[in-house]
Asks: 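Sharing a structure with you now.
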2 protein chains.
Amino acid sequence: MQSYQMAQGVTDNTISLMLGHPDPTTLLTPELQTAINRVLASPKPYQSLQYGAEQGTPGLIDYLVAKINREQASSINSDQLILVAGSTQAVDMIARLFTEPGDAVIVEAPSYVDALHVFYDHGVELYSSPMDENGLIPEDLEKLLKRLQAGGKPPRLLYTIPNFHNPTGFSLCLERRNEIAQLAERYKFMIVEDDVYRDLIFEGTTPPSFLTLSGETMSIGSFSKTLAPGLRLGWLAGPSEIIERILHCGTIEMGGGANPFTAQIVAEYCYLQYWEQHIHYLQQLYCGRRDIMMAALDQYMPRNITWTRPSGGFFVWVTLPENIQARDVKQQAFERGVLVSSGEGFFVNPTQGEHNLRLTYSFAQPEEIKVGVRILGEIVRKLANFAR
Amino acid sequence: MQSYQMAQGVTDNTISLMLGHPDPTTLLTPELQTAINRVLASPKPYQSLQYGAEQGTPGLIDYLVAKINREQASSINSDQLILVAGSTQAVDMIARLFTEPGDAVIVEAPSYVDALHVFYDHGVELYSSPMDENGLIPEDLEKLLKRLQAGGKPPRLLYTIPNFHNPTGFSLCLERRNEIAQLAERYKFMIVEDDVYRDLIFEGTTPPSFLTLSGETMSIGSFSKTLAPGLRLGWLAGPSEIIERILHCGTIEMGGGANPFTAQIVAEYCYLQYWEQHIHYLQQLYCGRRDIMMAALDQYMPRNITWTRPSGGFFVWVTLPENIQARDVKQQAFERGVLVSSGEGFFVNPTQGEHNLRLTYSFAQPEEIKVGVRILGEIVRKLANFAR
């Protein structure tokens, strides 16, 4: 989520290459309407309006467990998955229940700005480890682990976005996944895998998740990117004893399971096999948007600007030359009606992001992407001339 | 929320006098169906399926602010209220953002078991202050405040349920509200007012809320008791600077405002003035249930058992003689298919609740209430004879 006021501005003439929101035209499909109507016409529709089962709507749990096991040739059990009110609730519960203020948590450099914010709200100390086009670099991670251990502060968690990373668009290769899983065992930290973009793959194959590679994993999924964020629904999978601890925490005992009404709708939607079709549609849609953004960047950006080419997800990470500040680009773009994120907030040490922009192609329509990138290109050229 | 497994058992022959759930027959009304259909047929229905405004669906905020100001002759502004995913999210956010582990928080003796659990999950230290039939006792509260201050641990928060208290059913009188508001100012703590039963009044009048009596208040409301818990929707009102801090916390920035889809449905429902009618209906329904439970207790309980007579809400607090343990009653009732809560969990010091039961009349149907109380009466008599 970024500023609603900014998001609202989009409905006028603003172009948002900032929001990690799904395309608004994909949200209310006839299939989702069908699922809603079926829930309302079901024999006991009021059940989904009551407090819900702590673990979440049973039919949806079973569906998700079966999907994970089918797609990843894994064998997780139904007591290893809990529904949550979006990945937000998962990150928040993990921080609340499995860290203490002052604990060390490792994140990628860069990482998802809002997740960093949730961890900071819980008073943990964040340390970051660098990544390249193949994701988090195990050698550097181990150096950090040794340093933290020597300093008497072994980390509790590693928060990672292994697929179509936010903000870089990179994915972690299989070899490194295995190396990092070994590090988790050796250095005794849990891997928190934020895998909400996994299904939005455009080409190639996605390596197995940490969930299936390491018993030390809490893996987060979501319906926000592949169905509708307004339903506030996701899941958290991991060792059964971790799920059991979460099931008996205060917020679950007080409020019950995650969003029973929308979970019942999503359960119905999945049961009818609509979700699989929709994911396939979104893969093609966003792949086309990615290509449009790539072509526009090729066309409009000067040669000394580089950017990533994601194989899935929502994000492109742009690197500007040292003499251009990302915040200047962001400000001038804003004045011309184009919203982008500058890189500072994605880093534990914000200066690392001074020359980066994150662009998204998920929310803007094709023509907006072209116009937005053209305007960014003009701004960058002007700033480069000025800096010369 | 209590155990779902237990709740599910109710659909068979189990009688639940344990669950603080609304009557299941009240949840899916034709009016709520109308609101859902209107949202789906609205010009931009997909908006409620996208990430929502941080503060929540604007129309619903305006409605709630107007309702509070109309009913309490107050003048809160729209920047003083934020929608939340049920009172659970409000308590959790308050604990996360406004306490540190080890901080002192004061609660009533007894208090709402699940809220205590949420506070414990955040590592705060709970202290309790006694109440009587007029609610929390200011003199005792001040003694505790002095003791905590002298011990170098002034409390950050007082968590109180001023109306139709859970678990006792008592309400706090106006005079004491004013005294406690003065204590909040003098001893510099925030009042966290859990006011989710306020609208479920059967007789008499409800004094003004702390929200309107003290600037040091965070006041929690909910649609869970007066509409449907499965929608997961409530609100938090308080000083604008507190709301502003919450608006910029990590979970709101990450996930956006509270449950946009269900909030839009509830906004529509309220806009059509259905909620006011429904509240009026529920007042009469639950008043009738209260009367049925009172009559059954009169008929079936031995003379040395006492209980409260709530003027609203869901709860009756039963006091057993010293020679009967509440947990024995709970266990024997469970074996006979009647679910009740024993008092221990409602206290910071559980031994204080060894001779108390909490009964609810909100979820069970009239005949079930009679049968359930008759069985409880038989168990209590048997245990009393055994103890003699």
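Just so we're on the same page: letters track the sequence lines, and every chain starts at 1.
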Asks: If you count heavy-atom pairs under 4.5 Å between each of A/Ser224, A/Cys249, A/Gly86, A/Ser48 and chain B, which one has the most?
Replies: A/Cys249
Asks: Measure the shortest side-chain to side-chain distance between A/Arg232 and B/Pro260 over non-hydrogen atoms and say whether it is less than 4.5 angstrom.
Replies: yes
Asks: With a 4.5 Å cut-off on heavy-atom pairs, point out which of B/Leu227, B/Asn259, B/Leu49, B/Val118 contacts chain A the most.
Replies: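 Ranked by contacts with chain A, first place is B/Leu49.
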Asks: Please confirm whether the backbone N or O of B/His248 pairs with a side-chain atom of A/His117, one donor and one acceptor, at under 3.5 Å?
Replies: yes
Asks: So for B/Pro22, is it side chain, backbone, both, or neither that comes closer than 4.5 Å to the heavy atoms of chain A?
Replies: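 Answer is both: backbone and side chain atoms of B/Pro22 are under 4.5 Å from chain A.
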Asks: Looking at chain B, which one of A/Ala228, A/Pro101, A/Ala95, A/Gly123 has the largest number of heavy-atom pairs inside 4.5 Å, strictly under?
Replies: A/Ala228
Asks: If every non-hydrogen atom of A/Phe261 is compared with every non-hydrogen atom of B/Leu231, which pair is closest and at what distance?
Replies: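 Nearest heavy atoms, A/Phe261 then B/Leu231: CD2-CD2, 4.0 Å.
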Asks: Heavy-atom cut-off 4.5 Å, strictly under: side chain, backbone, both or neither for B/Thr25 against chain A?
Replies: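 No part of it gets close to chain A.
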Asks: Quick check on B/Leu116 against chain A: is it the side chain, the backbone, both or neither that has a heavy atom closer than 4.5 Å?
Replies: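 Neither part, no heavy atoms under 4.5 Å.
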Asks: At a heavy-atom separation under 4.5 Å, does A/Gln33 approach chain B through its side chain, its backbone, both, or neither?
Replies: side chain
Asks: Give me the ring orientation class for B/His21 and A/Tyr51: parallel if the planes are under 30° apart, tilted from 30 to 60°, perpendicular past 60°.
Replies: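 Ring orientation of B/His21 relative to A/Tyr51: tilted.
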Asks: Looking at every heavy atom in both A/Asp121 and B/Gly250, which two are closest together, and how far apart are they?
Replies: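 It is OD2-N, 2.6 Å.
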Asks: Heavy-atom distance under 4.5 Å to chain B: side chain of A/Thr29, backbone, both or neither?
Replies: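 Contact with chain B: none, neither part.
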Asks: So do A/Asp92 and B/Met254 actually touch side chain to side chain, heavy atoms under 4.5 Å?
Replies: no
Asks: Which region of B/Leu40, side chain (C-beta onward) or backbone (N, CA, C, O), has a non-hydrogen atom less than 4.5 Å from a non-hydrogen atom of chain A, or is it both or neither?
Replies: both
Asks: Name the region of B/Leu247, side chain, backbone, both or neither, that has any atom closer than 4.5 Å to a heavy atom of chain A.
Replies: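 Neither the backbone nor the side chain of B/Leu247 comes within 4.5 Å of chain A.
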Asks: At a heavy-atom separation under 4.5 Å, does A/Ile36 approach chain B through its side chain, its backbone, both, or neither?
Replies: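 Interface part for A/Ile36: side chain.
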Asks: Can you say whether A/Leu233 sits under 4.5 Å from chain B via the side chain, the backbone, both, or neither, judging by heavy atoms?
Replies: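 Neither part.
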